Amino acid sequence: MEEIIKMKQSAQEIINNPFLNKGTAFTQAERDNLGLAGLVPSYIQTIDEQAQQAYAQYQSKTSMLEQRIFLMSIFNENRVLFYHLFGQHIAEFMPVVYDPTIADTIENYSELFVQSQNAAFLSIDEPDKVESILKNAAGDRKIRLIVVTDGEGILGIGDWGVQGVDISVGKLMVYTAAAGIDPSEVLPVSLDVGTNRQSLLDNPLYLGNRHERVRGQRYEEFVDQFVRSAEKLFPNVYLHFEDFGRSTAAKILKKYQQDNVVFNDDIQGTGIIVLASVLGALNISKQKITDQVYLCFGAGSAGAGITSRVMAEMMQAGLSEEEARSHFYMVDKQGLLFDDMTDLTPEQKPFARKRSEFANANELTNLEAVVKAIHPTILVGTSTQPGTFTEEIVKEMAAHTERPIILPLSNPTKLAEAKAADLIKWTDGRALVATGIPTDPVEYNGVTYEIGQANNALVYPGLGLGVIASTAKVLNDQTISKAAHSLGGIVDPDQHGAAILPPVSKLDAFSQTVAQAVAQDVLDQNLNREPIADAKFAVANEKWVPEYSNLD
C-alpha cells in the first residue's frame, strides 16, 4: 500500500479511508504529525486489543446475518483490522462472510445497502463511461485482481442483478484472508445489464437498472468494453469471472482465455475442487481414476465445467479422448443427455450419449433410472435440487462399488442434494463424501467421519496468488491440473474417517501450497512475463500480512 500512504490526505480523509484508517491504533506520533489528535479516543490500542474487542462484539450478535453485517462495518472502516480478525477465526468466519450467509445479503442487498465496498458499478446503458468508472474506483491504487459478475447465476439462487456484486466483494475477501493478496490491489466489479427477476424490477428500493437483461451483440460488446478497459488501465490484471449465466459463462471464458489472464470460478474453480476431491478420495480408496464411472446431476456451466476437468485428468492419465469420454454421463432436467436432443448447450454436447447404448433409453428420464443403468462410482450434484440424492439412489450406487464417491455440491444449505450424515448411514460408512456447504463431522458406528467442504475457496485464492506472483501470461489447463493435484495430495489416506479435502481451518496454509505449485508450473512452461528465479520465494514475497504500516 505504499502508493496510497504517500498520498497527501487530510486527517478526515485518512480516518475515512479503510486502507489507511487504524482507529484507536494510531500511534502518538501519527496523531501529532497527521492532525489526528483528538479525533480518536486517547488510549492507544494494539491491533490484538482491537481484534479482541471486535470479536466480543461479534459474539453478541444473535444471527449469522447480523454477524456478517457487523463484520462488513469493520471492513468498510478498517481493512487491516478486518483481515487481522478474519485470519484469527478463518473457519468460523467463512460461512458468515461468504457462503451460505452471503446469499441472504445478496437477496436483501438493496434494502441493506450502506456502502459500496469500493466496488465499480458499470451500466450497460452507459458503455462509454466504463473506463472512467474503473479509473475512479481504483483511484491511485495498483489493481492486480478483479472479480467481476453480471449477477445472473448467483450461487444456487439465480438472477439477482446488481445485488450480485456482493459475491465479488465476498470472493475478494477470501482471496486476501486465505492467500494474503493485498486488499488495496483488488477491485470488485458489477456489470449491470438488467435483471429478469420481476420482484427486483417491481421493488422501489432496487438499486440496479430496472429493465430486463440485455442479450446478444450489445451484451457482448459491453463485456468486451470492460475487458479492454481493465487491461488498458491495469496491465496484466487477473480477471476472475464469477456467477455469469449458463448462456454466457463458457462463451466469455473461451473468448478471452487464450490472450488474457482470465479465470471462471464456476467452470474452472469448481472443476479444480471436484477433481481435488476425487483425487483425495482415490488416495484413500487406492483406486485408479481411469477405472471410474462418473455421473453428474445438473448440466449447467458448473456441471459441464467440472466434467470437462475430470475428463481431462483421465486423458492425462493415459486414456484417449474417446476412451475417456466413455466414462462420463450427465443428467439434467431432460434426464440422461442424448445426442439427438435439440436443446443441448455447446458445453453439454460432448457428454451426450447415443440412445443405441441402452435398451431402455426412453426410460432414462430421471436420476434413479440412470444410476441403475450405468452403476456410477462417482456421483456429483450441481443441480440445486434439494434432497435428490435419495436413500434408494445412494444404496443402488453403493451396491455396485466398494467406496462410492458422492459429492452433493449445491449450495446454499437449502439446495443441497443430500446430507453427509445420510450418505454415511446409507452406505454403512463406505461413502467418500464432500459437500458444497460446511458440514459437521458425522459419528457413525464409533467412527468420526470428517466431511470435507468442496468449496472453491480451497483452491481459487492459492491459484490466484500463484498466477499473480509468477506474472503469468495466461492460465491454461496444465496449471489448473497442478493446482488440483497439490490440493488433493494433502489428505491423510490412512486415517479412518479422514476427509477427502483439507479443512477450511488451514485455508491460509494450503493456499500457499497451491500457489507454489501454480507458480512453479508457470515457470516450467515459460509463461511468466517477468524473470523469476524461485517460485516459492516469489509467492512468499507477494503475501500481504494484516499489520499496520507506519504512516507518520
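Quick caveat: nothing in here was measured; it's all calculated off a predicted structure.
- A donor and an acceptor atom, one from each side chain of E547 and Y83, are nowhere located under 3.5 Å apart.
- With contacts defined as side-chain heavy-atom distances shorter than 4.5 Å, the pair D524/K482 does not qualify.
- When only modelled atom types and interatomic distance are considered, D508 and Q512 share no side-chain donor-acceptor pair under 3.5 Å.
- Rounding to the nearest 0.5 Å places OG of S110 at 7.0 Å from CG of L205.
- Looking only at atom types and distance, the side chain of N76 has no donor-acceptor partner in the side chain of S73 under 3.5 Å away.
- One N or O on the side chain of T307 and one on the backbone of G303 form a donor-acceptor pair closer than 3.5 Å.
- In the displayed structure, K251 atom NZ is contacted under 6.0 Å by at most 12 heavy atoms of other residues, nucleotides or ligands.
- Checked against L36 for a side-chain contact (heavy atoms from CB on, under 4.5 Å), the options Q28, R31, K22 give a single hit: R31.
- If you check the side chains of N236 and R144, you find no donor sitting under 3.5 Å from an acceptor.
- To the nearest 0.5 Å, the span separating CD1 on I74 from NE2 on H84 amounts to 12.0 Å.
- A donor-acceptor contact shorter than 3.5 Å is absent between the side chain of T101 and the backbone of V97.
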Please assess L253 against F241 for the test side chain to side chain contact (heavy atoms under 4.5 Å, CB included), listing each intermediate value before the final yes or no.
CA-CA 8 Å; L253 177 62; F241 288 85; over 6 Å; no
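- The main-chain N or O of I437 is found under 3.5 Å from a side-chain atom of T439 such that the two form a donor-acceptor pair.
- Counting heavy atoms from C-beta outward, V162 and N209 have side chains that stay 4.5 Å or more apart.
- In this structure, OG on S123 lies 5.5 Å from CG on D192, to the nearest 0.5 angstrom.
- Side-chain atoms of E542 never come within 3.5 Å of backbone atoms of V539 as a donor-acceptor pair (strictly under, hydrogens ignored).
- By the 4.0 Å N-to-carboxylate-O rule, E131 lies close enough to K232 to be salt-bridged with it.
- A salt bridge links D166 and R68; the closest N-O separation between the charged side-chain nitrogens and carboxylate oxygens is under 4.0 Å.
- Judged purely by distance below 3.5 Å, without hydrogens or angles, the side chains of T435 and Q453 never pair a donor atom with an acceptor atom.
- Aromatic pair Y58/Y55: ring centres closer than 6.0 Å.
- One N or O on the side chain of R141 and one on the backbone of V186 form a donor-acceptor pair closer than 3.5 Å.
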Please report the C-alpha distance between M72 and F70 in whole Å, then the side-chain angles of each, then the deciding distance to 0.1 Å, and finally whether the side chain to side chain contact (heavy atoms under 4.5 Å, CB included) criterion is met.
CA-CA 5 Å; M72 290 306 299; F70 170 73; over 6 Å; no
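- Donor-acceptor pairing under 3.5 Å is lacking for the side chains of T149 and D243.
- Residues L172 and T176 have side chains not in contact (no heavy-atom distance under 4.5 Å, counting atoms from C-beta outward).
- If you check the side chains of E221 and Q217, you find a donor sitting under 3.5 Å from an acceptor.
- Residue Q52 places its CD atom among 12 or fewer non-hydrogen atoms of other residues, nucleotides or ligands, all under 6.0 Å distant.
- Atom OG1 of residue T479 and atom CG of residue D521 lie 4.0 Å apart, to the nearest 0.5 angstrom.
- Aromatic rings from Y460 and F263 are positioned such that their centres are separated by 6.0 Å or more.
- With hydrogens and angles disregarded, a donor-acceptor distance shorter than 3.5 Å links the side chain of E49 to the backbone of T46.
- Interatomic distance, L187 CG to I146 CD1, rounded to the nearest 0.5 Å: 5.0 Å.
- No side-chain heavy atom of V474 sits less than 4.5 Å from a side-chain heavy atom of N260.
- At a threshold of 4.5 Å between non-hydrogen side-chain atoms, the residues D159 and I154 do not count as touching.
- A heavy-atom distance below 4.5 Å is found between the side chains of Y548 and Q50.
- Salt-bridge check for K142 with D182: failed, with every basic side-chain N at 4.0 Å or more from each acidic carboxylate O.
- No donor-acceptor contact under 3.5 angstrom links the side chains of E530 and T471, judged on distance only.
- Of the possible polar contacts, one joining the S410 side chain to the T384 backbone as a donor-acceptor pair under 3.5 Å is found.
- Within the 4.5 Å cutoff, side-chain heavy atoms of L200 are placed close to those of W160.
- Defined by atom type and a distance below 3.5 Å, a donor-acceptor pair is missing between the side-chain atoms of E13 and N17.
- In this structure, the side chain of R210 engages the main chain of Y206 through a donor-acceptor pair within 3.5 Å.
- Around CZ of F113, the count of heavy atoms belonging to other residues, nucleotides or ligands within 6.0 Å exceeds 12.
- Atom OG of S505 and atom CD of E92 lie 12.0 Å apart (nearest 0.5 Å).
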Start with the C-alpha distance between E152 and R213, add both sets of side-chain angles, then the distance that settles side chain to side chain contact (heavy atoms under 4.5 Å, CB included), and finish with yes or no.
CA-CA 9 Å; E152 184 173 9; R213 283 188 170 273; 3.5 Å; yes
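- A donor and an acceptor atom, one from each side chain of N476 and Q257, are nowhere located under 3.5 Å apart.
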N16 vs E77, test: side chain to side chain donor-acceptor pair (under 3.5 Å). Steps then yes/no.
CA-CA 7 Å; N16 290 317; E77 295 169 4; over 6 Å; no
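- No hydrogens or angles considered: nothing links the side chains of S168 and E242 as a donor-acceptor pair under 3.5 Å.
- A donor-acceptor pair under 3.5 Å is absent between the side-chain atoms of E126 and the main chain of I124, judged by distance alone.
- Between the side chains of N264 and H240, no donor-acceptor pair of N or O atoms lies under 3.5 Å.
- No donor-acceptor distance shorter than 3.5 angstrom exists from the side chain of T270 to the backbone of I267, with no hydrogens or angles considered.
- Side-chain contact, Y219 with D150: a donor N or O sits under 3.5 Å from an acceptor N or O.
- Between the side chains of S301 and D266, no donor N or O sits under 3.5 Å from an acceptor N or O.
- Looking only at atom types and distance, the side chain of N456 has a donor-acceptor partner in the side chain of D265 under 3.5 Å away.
- Considering only heavy atoms from C-beta on, I480 comes within 4.5 Å of L475 through its side chain.
- A salt bridge does not link R197 with E107: every distance from a Lys NZ or Arg NE/NH1/NH2 to an Asp or Glu carboxylate oxygen is 4.0 Å or more.
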Worked verdict on F86 versus F82 for ring pair (Phe, Tyr, Trp, His ring centres under 6.0 Å):
CA-CA 6 Å; F86 197 168; F82 173 83; 5.7 Å; yes
